[in-house]
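The model shown is predicted, which means the values in this text are computed figures rather than measured ones. Just so we're on the same page: letters track the sequence lines, and every chain starts at 1. When reading the values below, keep in mind they use all heavy atoms of this one structure, side chains included, and skip hydrogens, waters and symmetry mates.
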2 protein chains.
Amino acid sequence: MNSKDIAKIVGVSRSTVSRVINNYPDIPQATREKVLKAIKEYNYYPNASARRLVGMKSSTLGIFIIDIRDNEKPHHVIEKNEDLLYDNSYFSPFINAFIDQSNKAQYHVLVSTIYSSDELWKIQSAFYEKRIDGAVIVGSSNADYNKIVEIMDKDFVTVAVDFDVEKENIDRVMSVNVNNYSGVSDAVEYLIELGHRDIGIITGDLKKLSGKIRFNSFKDALLRHSLPLNDDLIAYGDFTEYSGYEGMKKILASDKKPTAVFVCNDTMAIGAYRAIEECGLKIPENISVIGFDNSYISQYMSPSLTTVNVSLPEIAKCSIDLLLECINNNEIKAMQKTVNVQIIKRNSCKKID
Amino acid sequence: MNSKDIAKIVGVSRSTVSRVINNYPDIPQATREKVLKAIKEYNYYPNASARRLVGMKSSTLGIFIIDIRDNEKPHHVIEKNEDLLYDNSYFSPFINAFIDQSNKAQYHVLVSTIYSSDELWKIQSAFYEKRIDGAVIVGSSNADYNKIVEIMDKDFVTVAVDFDVEKENIDRVMSVNVNNYSGVSDAVEYLIELGHRDIGIITGDLKKLSGKIRFNSFKDALLRHSLPLNDDLIAYGDFTEYSGYEGMKKILASDKKPTAVFVCNDTMAIGAYRAIEECGLKIPENISVIGFDNSYISQYMSPSLTTVNVSLPEIAKCSIDLLLECINNNEIKAMQKTVNVQIIKRNSCKKID
DNA sequence: AAAATAAATTAACACGTGTTAGTTGTGTAA
DNA sequence: TTACACAACTAACACGTGTTAATTTATTTT
């Protein structure tokens with residue numbers, strides 16, 4: 001069933017059918033209705049490839065999840081017997097939101113995960129083969145995006161989400177970022193409000209921009225309230241669960257015991273919980289813990305984890321807005337959007353006197 | 001950059017370029033190399049739409065996640081302020097595995113979620129517009145798939161995953177199923193092995209096939225070992241966390257206290273944990289708990305949950321195998337594949353005397 | 001050297017659509 | 001009646017590719 005068939009059925013030329021579909025104004029209501037009726041009755045859908053071929057958009061957005069292992073295995077690919085367990089649940093809600101919102105904007109979504117630098121061609125391929133009009137690139141670290149920026153021609157419409165974009169590239173790309181600074185700021189203010197004065201931190205990977213910013217914001221917040229920044233209460237982690245465990249062990253081993261610890265992401269908080277339990281301490285009675293990300297598990301931890309929520313649907317919305325504007329105006333502007341965050345108060349923090 | 005350009009550059013006809021790309025045998029090595037060199041040098045990728053238009057496959061598979069709310073809100077769409085939190089983490093590892101394995105087989109993947117019956121057109125649209133060669137349909141319940149079977153012409157290549165296919169349709173569709181029966185069987189045998197004789201159950205939704213089968217297998221297992229099936233130790237749940245909580249409360253309130261409870265999925269086990277804690281009991285000291293699914297959180301529960309693992313990568317593999325065979329042979333056969341499961345022994349079950 | 005065969009190459013068509021420029025039909029103004 | 005504007009429609013081209021059948025070129029056989 002194609003437009004020629006519909007034309008024959010209605011007794012009109014193929015051009016007319018096309019003009020009806022594309023809402024040309026010079027079609028009388030009577031003709032339009034006849035055509036639409038036949039289209040519906042015979043279940044006709046225009047061939048997407050043919051449309052794309054004559055210069056129309058492909059009506060498809062891409063989403064590329066960068067998941068490149070540096071040296072070791074990535075934290076979310078757990079080997080189990082011989083097959084891998086795929087689990088990047090951190091991105092999953094974002095992906096779902098992005099797909100749903102794209103669909104609502106009449107766009108299809110092509111999803112692909114990139115597990116090593118060798119697979120970066122997937123991005124090129126999707127663009128050059130004209131399968132997608134634009135794409136979101138999410139995840140991974142500094143070094144990779146430089147490679148990606150380099151690999152991609154500048155005429156690919158892409159948005160980097162939660163990506164560490166180097167300063168020299170900041171005006172060559174579009175990006176949507178999380179307001180890490182204010183999130184950490186709020187978290188620390190909240191702890192102070194609860195009466196805490198000896199506050200520790202388990203940092204994220206300081207090689208990553210988000211790790212750096214969160215740490216800086218933490219220090220600034222203490223400074224603003226003239227609170228001491230005790231070296232014994234700082235543990236340097238790398239966003240993995242195990243580093244959270246080790247970090248908390250280190251902090252608890254010091255003389256200066258904190259009454260609260262800010263952990264730079266929820267994954268590390270899982271490890272921190274374990275360390276605290278092993279030391280025979282109770283959350284929040286003996287020590288308050290606050291995380292960052294509001295990841296899926298955080299609500300199921302016991303006690304449920306107070307954390308900073310990053311609204312992934314909002315990030316999805318911002319990304320799509322940028323992409324569509326860019327696609328429709330046919331011009332690429334380097335733009336940054338920043339998404340705000342809010343504290344989710346649960347049961348891992350306690351007021352003290 | 002198209003094949004015409006490449007042809008001009010190499011000094012050969014467009015046909016020759018095409019024949020090189022499509023591995024025709026009658027091209028001498030010298031010519032082939034010249035063409036391939038130019039293709040690489042100029043970053044030429046054949047236009048996917050044009051290829052599709054001349055009858056080639058679109059090299060794209062679809063994955064449709066059916067997520068239809070019956071009356072109430074679905075368990076994974078949690079309203080938060082005004083925007084939704086997208087979280088179907090249960091399917092997420094399957095989706096990732098499916099995408100990765102499809103990519104390895106040189107296929108792109110189009111992902112779409114269907115939140116209500118009104119959106120079923122998305123499946124039709126993707127097929128009729130010739131965007132995909134085949135698709136996996138995952139999730140949801142009985143009623144919906146009948147609608148889907150009805151809506152779809154029989155010449156769409158689809159595989160139903162973990163779907164309740166009605167008997168009358170079983171020979172009209174392809175499907176990949178979890179071996180629920182043997183999974184439950186193994187779980188109960190394991191509990192018996194540990195010395196348990198008073199075993200309770202929180203069932204799943206008995207309207208769903210998986211709910212029915214799991215319950216039946218449980219009863220059969222007890223029968224095989226001449227163990228009593230005590231009504232007080234049966235709680236009827238519906239796969240949701242809250243029903244797990246209520247079910248466990250009910251069981252614990254009865255006179256006949258069980259030493260172990262089989263919970264028909266991990267989500268209900270979360271609720272069951274809470275109920276047990278509220279009753280002042282300890283897992284596994286006072287009561288052993290075993291779940292089903294090996295969902296992401298199960299490893300993070302405390303104590304970590306012993307459960308039955310469903311290998312989602314294997315399901316993905318089976319689905320893709322079925323789809324590709326069907327696509328390549330251009331014939332649709334109704335086939336069923338069943339994936340086996342294994343117990344993951346963690347810390348929620350204890351040996352008793 | 002001519003003829004026959006094999007190897008290498010290509011011209012031309014088809015795929016299904018959107019759009020441009022053109023044509024036909026219809027009513028209005030001169 | 002003629003000229004003209006305008007509405008309604010359509011013929012024909014372009015998009016980039018794969019493939020069939022035909023053509024050219026090279027090699028072998030007579």
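Rounded to whole Å, the distance from NZ on A/K57 to P on C/dG18 is 15 Å. At whole-Å resolution of the value, CZ in A/R32 and C1' in D/dA7 are 14 Å apart. The separation between A/Q29 atom CD and D/dA7 atom C1' is 15 Å, rounded to whole Å. Here C/dG16 presents its P atom at 12 Å from NZ of A/K8, a figure rounded to the nearest Å. One atom, CE of A/M1, and another, P of C/dC15, lie 15 Å apart when rounded to the nearest Å. Residue B/K4 contributes atom NZ, which lies 15 Å from atom P of C/dT10 at whole-angstrom precision. In this structure, CD1 of A/I21 is placed 11 Å from P of C/dT19, rounded to the nearest angstrom. Between the NZ atom of A/K130 and the C1' atom of D/dT17 there is a distance of 13 Å, given to the nearest Å.
Toward the 5′ end of DNA chain C lies the nearest nucleotide of B/P25, the other residue of the pair B/L53 and B/P25 mapping further downstream.
In this structure, A/R32 and A/N23 have side chains that are in contact, with non-hydrogen atoms separated by less than 4.5 Å. Within the 4.5 Å cutoff, no side-chain heavy atoms of B/F98 are placed close to those of B/N103.
With sequence neighbours excluded, the residues forming a salt bridge (Lys or Arg N to Asp or Glu O under 4.0 Å) with A/D26 are A/R19, listed by chain and number. The side-chain contact (heavy atoms from CB on, under 4.5 Å) test applied to B/S15 returns B/S13, not counting sequence neighbours.
From A/I6, atom CD1 reaches atom OH of A/Y42 across 8.0 Å, with rounding to the nearest 0.5 Å. With values rounded to the nearest 0.5 angstrom, A/T31 atom OG1 is found 9.0 Å from A/Q29 atom CD. Taking NZ of B/K4 as the reference point, atom CD1 of B/I9 lies at 13.0 Å (rounded to 0.5 Å). Distance check, rounded to the nearest 0.5 Å: CD1 of A/I65 to CZ of A/F94 gives 9.0 Å.
Of the candidates D/dG18, C/dT17, D/dG16, the closest approach to any side-chain atom of A/Y44 belongs to C/dT17. Side-chain atoms of B/M56 lie closest to D/dG18 of the nucleotides C/dT17, D/dG18, C/dG16.
B/S319 places a side-chain N or O within donor-acceptor distance of the main-chain N or O of B/I315, the cut-off being under 3.5 Å. No donor-acceptor pair under 3.5 Å is formed between the side chain of B/N22 and the backbone N or O of B/Y24.
For C/dG16, neither phosphate oxygen OP1 nor OP2 lies less than 4.0 angstrom from any side-chain nitrogen or oxygen of A/N47. The shortest distance between the side-chain N/O atoms of A/N22 and the OP1/OP2 oxygens of C/dG18 is below 4.0 Å. Taking only side-chain nitrogens and oxygens, B/S18 comes nearer than 4.0 Å to OP1 or OP2 of D/dG18. Applying the 4.0 Å criterion to OP1 and OP2 of D/dG16, one finds that B/S3 has every side-chain N and O outside that range.
Listed by first then second residue, pairs satisfying salt bridge (Lys or Arg N to Asp or Glu O under 4.0 Å) with a partner in residues 121-133 of chain B read B/E119-B/K122, B/E129-B/R131, not counting sequence neighbours.
Between B/Y128 and B/F156, the ring planes lie perpendicular to each other; the angle is over 60°, past the 30° to 60° tilted range.
Only at 4.0 angstrom or more do the heavy atoms of residues 33-43 of chain B sit from any atom of DNA chain D, so none qualifies.
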Name the pairs: protein N/O against N/O of nucleotides 9-13 of chain D, kept only if under 3.5 Å.
{"residue": "D/dC9", "atom": "OP1", "partner": "A/T31", "partner atom": "OG1", "Å": "3.4"}
{"residue": "D/dC9", "atom": "OP2", "partner": "A/T31", "partner atom": "OG1", "Å": "3.2"}
{"residue": "D/dT10", "atom": "OP2", "partner": "A/S13", "partner atom": "N", "Å": "2.7"}
{"residue": "D/dT10", "atom": "OP2", "partner": "A/S13", "partner atom": "OG", "Å": "3.0"}
{"residue": "D/dT10", "atom": "OP2", "partner": "A/T16", "partner atom": "OG1", "Å": "2.8"}
{"residue": "D/dT10", "atom": "O5'", "partner": "A/S13", "partner atom": "OG", "Å": "3.4"}
{"residue": "D/dT10", "atom": "O4", "partner": "A/R19", "partner atom": "NH1", "Å": "3.3"}
{"residue": "D/dA11", "atom": "N7", "partner": "A/S15", "partner atom": "OG", "Å": "3.3"}
{"residue": "D/dA11", "atom": "N6", "partner": "A/S15", "partner atom": "OG", "Å": "3.2"}

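The C1' atoms of five pairs define one axis at each end of the helix from C/dA1-D/dT30 to C/dT28-D/dA3, and these two axes lie 60° apart (to 10°).
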